[in-house]
**Student:** 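To start, I am sharing the structure in question, which I have written as structure tokens.
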Amino acid sequence: MKERWYVTAKKADFKAIGKRFGIDQVTARIIRNREITGEEEIASYLSCSSSQLHNPHLLKDTDKAAAITAEKIREGKKIRIIGDYDIDGVNASYILLTGLHTCGAQADPVIPDRVHDGYGINERLIKKALEDGVDLIITCDNGISASKEIAFAKESGLSVIITDHHEVPFETKENGEKSYLIPPADAVVNPKQADCSYPYPGLCGAAVAWKFIQVLYEKMDIPAEKSFEMAAHVAFATVGDVMELTGENRTLVKLGLEAIHKTENPGLLALIEQNKLEREKIKSWHFGFVLGPCINASGRLDTARRSLQLLMSPSMEQACGLAKELVELNDRRKNLTLQGIEDAKKLIEDQEIWKDKVMVVYLPQCHESLAGIIAGRIREMYHKPVFVLTDSEDGGVKGSGRSIETYSMYEEMTRCAPLMTKFGGHPMAAGLSMSRENTDRFRRELNEYAALTEEDFIEKIHIDVPMPLYYISAELIREFECLEPYGKGNEKPVFAVRDVHPLRAGIVGKNKNVMKLVLDDGAGGSMDAVYFGDIDAFLAFLQEKSSETDLQALLHGTSQNIRFSFTYDPSIDEYLGRERVQVIIRHYC
């Protein structure tokens with residue numbers, strides 16, 4: 001995969017900003033690079049308080065949905081929550097269930113089985129609700145693309161409220177205009193609706209559910225502050241569902257992280273403990289890459305009801321057993337994923353799929369729940385839009401796609417809509433079902449329609465600050481914490497340094513997969529560095545840049561003339577109570 005490095009060179013008086021807010025000029029420059037300008041906006045970014053959250057009443061149909069729900073609660077009607085089997089859907093279900101129970105509702109949850117039910121509300125679940133005497137169905141993290149199913153529920157006498165955040169389906173008219181297909185529910189709460197005045201449409205499903213509960217609490221005379229008991233779950237879902245950590249989302253995650261540092265929820269505490277973490281040190285990274293995958297694992301390989309059960313656990317004793325099972329499931333999922341990635345890479349190379357603008361990889365034996373993860377990893381390797389398709393139990397094909405910034409995946413899929421029995425998603429990710437005989441045509445049409453160029457397939461590495469190693473200090477690294485939480489849209493800062501001389505290097509780790517280096521810091525001192533990537537490729541790069549003799553001299557700590565440039569993360573290595581500043585090498589050239 002090709003890379004191109006760019007230095008982000010946005011202009012501002014960084015010295016004045018630093019002095020005004022008591023921060024280093026480097027921190028000021030990073031904030032400017034995030035398009036945060038003006039004193040009020042910078043102050044807001046640095047403070048991130050609950051006062052910055054938008055009024056939930058601005059969400060179209062929220063008041064109507066809350067009024068309907070409040071009436072059903074007062075009448076003692078049965079309410080059923082239908083969620084989704086991923087981290088967003090599970091946390092959204094938890095928020096709705098907890099909120100409804102707080103209001104005194106007779107409410108229970110149903111999460112579709114990924115394999116037997118597929119995504120979202122379906123006719124079987126509606127019939128089951130009717131059998132169980134349910135009067136009101138509330139969806140979360142699904143429903144916006146289920147017009148046919150919602151119509152069936154309404155015809156059957158059920159009340160239906162949709163809370164969702166996915167793109168609203170549409171048809172394109174002959175004149176190019178979009179005609180949006182809104183399901184015939186009693187209320188549709190989704191900030192993506194064209195006529196919704198909510199100022200931040202990028203909420204996850206759990207955040208939409210939380211906003212709805214806030215309005216319901218008002219209707220039921222419950223203090224709005226009580227909703228903040230669920231703030232950790234909003235943050236967990238926001239990061240886990242890879243939402244943009246800008247604007248309100250960043251505030252929600254920051255507040256949620258503060259909440260999880262004090263949480264007494266047995267399920268969250270047990271999951272944190274099983275992963276050998278401390279609640280006071282949880283960061284957004286742990287949500288996305290440690291805790292979140294455990295929640296998702298049950299929906300992938302077992303049933304997501306187990307994850308919801310964990311979050312609803314009344315005691316640590318019950319929660320610990322469930323958390324242990326989820327961690328074990330996630331370990332199994334990791335092994336299956338690695339095998340799937342290897343199979344996908346082989347197919348891409350053998351069949352030269354890498355030549356396509358949009359890669360469609362058919363892995364019939366792959367567990368259908370892993371298709372999205374594998375697609376994401378392949379997208380990272382080739383920097384191209386990727387669909388991974390696999391056989392489904394109904395005899396057809398199911399798949400997941402992951403995209404690049406210049407390719408709006410959901411919109412492009414609408415052009416191939418006749419080939420699919422079901423599809424939905426976002427610009428960056430999507431899911432689909434189709435007949436097996438349509439797979440080749442699907443691949444062909446996606447590529448015929450794709451307007452991508454070679455430039456789109458070059459990964460852009462955006463450098464925030466070219467910063468010499470000698471400038472790094474423990475104090476500066478700690479100051480960077482004001483930029484958190486990091487995630488999509490508010491990425492960890494990228495630093496770079498040119499022509500660094502490594503003094504010595506060694507390969508360590510049980511699997512010999514870590515390289516430790518000591519670097520000349522450019523001011524007469526030295527600094528430790530670590531590289532966790534492909535060691536063989538890194539060694540080959542150093543040898544090609546200099547010589548085998550120089551490489552061996554580096555590995556033996558003797559004099560050589562190697563120089564190379566790299567991007568890095570500055571960090572503090574804590575060992576036996578001692579702190580040492582080091583850099584983690586990310587990209588090199």
Side-chain angles (χ1 to χ4, degrees), residues 61 64-86 88-164 182-189 205 209 212-213 216 298-299 302-314 369 392-396 398 421-422 424 433:
D61 278 5
K64 187 196 290 188
I68 293 167
T69 307
E71 186 180 349
K72 300 294 184 186
I73 293 170
R74 293 187 185 106
E75 292 173 352
K77 303 289 188 183
K78 283 188 177 179
I79 301 173
R80 176 147 298 164
I81 298 156
I82 297 182
D84 186 25
Y85 39 66
D86 70 355
D88 192 15
V90 168
N91 278 283
S93 297
Y94 168 84
I95 287 165
L96 284 182
L97 190 59
T98 303
L100 288 168
H101 283 171
T102 301
C103 295
Q106 289 187 59
D108 64 8
V110 168
I111 296 182
D113 182 277
R114 183 187 286 265
V115 176
H116 297 111
D117 289 308
Y119 167 75
I121 188 171
N122 61 43
E123 197 169 302
R124 185 188 75 79
L125 297 177
I126 294 165
K127 287 177 178 176
K128 184 70 171 68
L130 289 165
E131 285 172 23
D132 295 341
V134 169
D135 188 83
L136 168 65
I137 287 176
I138 305 177
T139 73
C140 53
D141 195 31
N142 76 93
I144 197 65
S145 59
S147 289
K148 181 183 167 188
E149 291 81 1
I150 302 297
F152 172 71
K154 290 298 299 168
E155 288 161 10
S156 303
L158 288 166
S159 297
V160 183
I161 293 169
I162 293 171
T163 73
D164 200 353
I182 305 291
D186 295 270
V188 179
V189 185
F212 160 66
I213 288 295
L216 179 63
S298 69
D302 183 38
T303 167
R305 291 190 294 275
R306 198 186 297 264
S307 289
L308 182 57
Q309 210 179 337
L310 171 75
L311 298 182
M312 297 297 300
S313 293
S369 69
S392 60
E393 282 201 347
D394 61 8
K398 280 188 177 179
T421 52
K422 198 173 183 180
S433 301

**Student:** Within this structure, what is the CD1-CG distance for the pair I138 and L96, rounded to the nearest 0.5 Å?
**Tutor:**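 Result: 6.0 Å between the selected atoms.
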**Student:** Applying side chain to side chain contact (heavy atoms under 4.5 Å, CB included) to D135 and I79, what does each step give before you reach the verdict?
**Tutor:** CA-CA 6 Å; D135 188 83; I79 301 173; over 6 Å; no
**Student:** Looking at D108 and R80, is there a salt bridge between them, counting it only when a charged N and a carboxylate O are closer than 4.0 Å?
**Tutor:**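 Yes, R80 and D108 are salt-bridged.
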**Student:** In Å, rounded to the nearest 0.5 Å, how long is the span from NZ of K154 to OG of S159?
**Tutor:**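 Output value for this atom pair is 5.0 Å.
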**Student:** Report yes or no: does D86 contribute a side-chain atom to a donor-acceptor pair with the main-chain N or O of G89 at less than 3.5 Å?
**Tutor:** yes
**Student:** Quick one: CD1 on I162 to OG1 on T139, what's the gap to the nearest 0.5 Å?
**Tutor:** 5.0 Å
**Student:** Locate the shortest heavy-atom distance separating Y94 from M312; write the atom from each residue and the value.
**Tutor:** CD1-SD, 3.2 Å
**Student:** For A107 versus H101, what's the shortest heavy-atom pair and its separation?
**Tutor:**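 For A107 and H101, the tightest heavy-atom pair comes out as O-NE2, 3.0 Å.
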**Student:** Are the side chain of S313 and the backbone N or O of Q309 linked by a donor-acceptor pair below 3.5 Å?
**Tutor:** yes
**Student:** Give a yes or no answer on whether the side chain of T303 reaches the backbone of R305 with a donor-acceptor pair at less than 3.5 Å.
**Tutor:** yes
**Student:** Using 4.0 Å as the upper bound for N to carboxylate O, is an ion pair formed by K127 and E123?
**Tutor:** yes
**Student:** Hey, what do you get for CD1 (I111) to CD1 (I81), rounding to the nearest 0.5 Å?
**Tutor:**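 It is 9.5 Å, given to the nearest 0.5 Å.
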**Student:** Quick one: does any side-chain atom of T163 pair with a main-chain N or O of A209 as donor and acceptor, under 3.5 Å?
**Tutor:** no
**Student:** Could you pull out the closest heavy-atom pair between A105 and I73, with the gap in Å?
**Tutor:** CB-CG1, 3.6 Å
**Student:** Side chain to side chain contact (heavy atoms under 4.5 Å, CB included) between F212 and T69: does it pass, once the steps are laid out?
**Tutor:** CA-CA 10 Å; F212 160 66; T69 307; 3.4 Å; yes
**Student:** Which atom names give the shortest non-hydrogen contact between A65 and I161, and what distance separates them?
**Tutor:** O-CD1, 3.4 Å
**Student:** Sub-3.5 Å donor-acceptor pair from the side chain of D61 to the main-chain atoms of V188, do we have one?
**Tutor:** yes
**Student:** Between N142 and G83, what is the shortest heavy-atom contact and its length?
**Tutor:**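 Minimum heavy-atom separation between N142 and G83: ND2-O, 3.2 Å.
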**Student:** Nearest heavy-atom pair of G205 and D88: which atoms, and what distance?
**Tutor:** N-OD2, 2.8 Å
**Student:** So, the side chain of K398 versus the backbone of S369: is there a donor-acceptor pair under 3.5 Å, distance only?
**Tutor:**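 It does not hold such a pair.
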**Student:** Hey, is the main chain of S298 close enough, under 3.5 Å, to the side chain of D302 for a donor-acceptor pair?
**Tutor:**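 Not a single qualifying donor-acceptor pair exists.
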**Student:** Please check this pair: side chain of K78 against backbone of D132, looking for a donor-acceptor N/O pair closer than 3.5 Å.
**Tutor:**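 Present.
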**Student:** Kindly say whether V160 contributes a backbone atom to a donor-acceptor pair with the side chain of D186 at under 3.5 angstrom?
**Tutor:** yes
**Student:** Does the E149 side chain pair with the main chain of I121, one donor and one acceptor, at a distance under 3.5 Å?
**Tutor:** no
**Student:** Find out whether P112 and D84 are in side-chain contact, i.e. whether some heavy atom of one side chain is under 4.5 Å from a heavy atom of the other.
**Tutor:**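 Result no, sub-4.5 Å side-chain heavy-atom pair not found.
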**Student:** How far does CG of D141 sit from CG of D164, to the nearest 0.5 angstrom?
**Tutor:**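 Going from CG on D141 over to CG on D164, the span is 6.0 Å.
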**Student:** Once you round to the nearest 0.5 Å, how far does CD1 of I182 lie from CD1 of I144?
**Tutor:**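 Taking CD1 in I182 and CD1 in I144, the distance rounds to 4.5 Å.
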